[in-house]
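This report refers to the structure that appears directly beneath it.
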Amino acid sequence: MAKRFALVGFFLLASLLVAGCGVGDGPAEVTVTMKEFAFEPDSLSVQAGSQVSLTIINLGALEHNFLIMDAGSEVSGSWSESDRANALLEQQRIAGGETLSVEFPAPSQPGTYQFLCSVPAHLEQGMEGVLTVTE
């Protein structure tokens, strides 16, 4: 019986390692939850150029959105409409209790990219995170 659990544990660990290495068919699956006023997790990692399947779940009562800024284009303070030109990915507002799924290609350039909520006053309250793009 103990050998059976050890074998199951080995295969579970092996499958997690393979999934983490990006081996296999299909996009990398990433889930982010939003609430007042935070993303969870607030740091994500994807492989450069990979296809990403992003599920965004709004657990809050307020409406939120999800933007990824271009490398080197970090928004500090408050969001302004001029920041929109530097957004790599922008999703419409998501009502409280709603879920949105979207697929997109990860940036081809390794580095760090800010993600945030651009709903007025949400970024100022700390609703942001970091997407790390690896080689």
Side-chain angles (χ1 to χ4, degrees):
M1 186 77 159
K3 286 183 182 181
R4 178 184 244 178
F5 283 119
L7 189 58
V8 169
F10 169 77
F11 283 114
L12 179 61
L13 179 60
S15 66
L16 289 172
L17 289 173
V18 168
C21 292
V23 175
D25 296 331
E29 295 186 15
V30 178
T31 300
V32 175
T33 60
M34 303 182 291
K35 57 185 176 182
E36 288 77 47
F37 291 95
F39 290 103
E40 210 169 284
D42 64 358
S43 63
L44 304 170
S45 182
V46 296
Q47 191 171 21
S50 65
Q51 190 66 14
V52 178
S53 176
L54 174 66
T55 301
I56 307 166
I57 305 166
N58 186 349
L59 297 177
L62 300 177
E63 162 177 277
H64 297 291
N65 69 359
F66 185 89
L67 287 94
I68 299 175
M69 300 303 293
D70 198 0
S73 297
E74 189 167 311
V75 180
S76 60
S78 61
W79 169 265
S80 72
E81 285 302 311
S82 63
D83 293 317
R84 180 164 275 119
N86 296 316
L88 288 175
L89 174 75
E90 179 178 3
Q91 293 306 307
Q92 72 269 15
R93 292 186 179 188
I94 305 164
E98 296 293 316
T99 297
L100 174 73
S101 295
V102 62
E103 283 196 21
F104 66 95
S108 58
Q109 183 68 32
T112 57
Y113 297 76
Q114 178 188 36
F115 63 86
L116 58 95
C117 177
S118 69
V119 173
H122 291 202
L123 176 61
E124 295 88 334
Q125 294 186 58
M127 200 162 180
E128 64 180 317
V130 175
L131 170 67
T132 301
V133 177
T134 60
E135 288 192 35

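None of these values were measured; they are calculated from a predicted model.
The closest side-chain heavy-atom distance from V52 to P27 is not below 4.5 Å. You'll find the side chain of T134 stays beyond 4.5 Å of the side chain of P110, heavy atoms only. Using a 4.5 Å heavy-atom threshold, the side chains of V46 and V30 count as touching.
L67 CG to C117 SG: the interatomic distance, rounded to the nearest 0.5 Å, is 8.0 Å.
Taking the side-chain contact (heavy atoms from CB on, under 4.5 Å) definition, one finds that S76 meets it with nothing, sequence neighbours left out. In this view, R93 and E63 satisfy the side chain to side chain donor-acceptor pair (under 3.5 Å) rule, not counting sequence neighbours. Residues meeting the side-chain contact (heavy atoms from CB on, under 4.5 Å) test with Q114, sequence neighbours left out: M69, E74, V75, L116, L123, E128. Applying the side chain to side chain donor-acceptor pair (under 3.5 Å) criterion to E81, with sequence neighbours excluded, gives R84. With sequence neighbours excluded, no residue satisfies side chain to side chain donor-acceptor pair (under 3.5 Å) with Q51. Partners of E40 by salt bridge (Lys or Arg N to Asp or Glu O under 4.0 Å), not counting sequence neighbours, listed by chain and number: K35.
No donor-acceptor distance shorter than 3.5 angstrom exists from the side chain of D83 to the backbone of A87, with no hydrogens or angles considered. Side-chain atoms of N86 never come within 3.5 Å of backbone atoms of S73 as a donor-acceptor pair (strictly under, hydrogens ignored). Checking side-chain atoms of D42 against main-chain N and O of F39 turns up no donor-acceptor pair under 3.5 Å.
Cluster partners of V130: none. The rule joins Ile, Leu, Val, Met, Phe, Trp and Tyr whenever side-chain heavy atoms lie under 4.5 Å apart, and it links nothing here. Taking Ile, Leu, Val, Met, Phe, Trp and Tyr as hydrophobic and joining them when side-chain heavy atoms fall under 4.5 Å apart, one finds I57 in a cluster with L59.
Both F115 and L89 are part of a single hydrophobic cluster, where members link through side-chain heavy atoms under 4.5 Å apart. Connection of L131 to I94 is established within a shared hydrophobic cluster, with ILVMFWY side chains joined at heavy-atom distances below 4.5 Å, either directly or through further cluster members. Placement of L100 and L54 within a single hydrophobic cluster is found when ILVMFWY residues are connected by side-chain heavy-atom separations under 4.5 Å, directly or transitively.
The stretch residues 84-113 participates, sequence neighbours left out, in no ring-ring contact (aromatic ring centres under 6.0 Å, His included) pair at all. For residues 75-96, no residue pair satisfies the ring-ring contact (aromatic ring centres under 6.0 Å, His included) rule, not counting sequence neighbours. Within the structure, ring-ring contact (aromatic ring centres under 6.0 Å, His included) pairs that include any residue of residues 116-135 comprise F37-H122, H64-H122 (at least two apart or interchain). For residues 100-127, there are no salt bridge (charged side-chain N to carboxylate O under 4.0 Å, His left out) pairs, not counting sequence neighbours.
Shown here for L44 and P41, the closest heavy-atom pair between the two residues is CD2-CG, 3.6 Å. A pairwise comparison of heavy atoms in Q91 and I56 identifies CG-CD1, 4.2 Å as the closest pair. Listed here is the closest heavy atom pair of P107 and L88: CG-CD1, 3.9 Å. Of all heavy-atom pairs between V133 and Q109, the closest is CG1-O, 3.8 Å. The two residues T55 and S101 have their closest heavy-atom pair at OG1-OG, 3.5 Å.
Other residues, nucleotides and ligands place more than 12 heavy atoms under 6.0 Å from the CD atom of E36.
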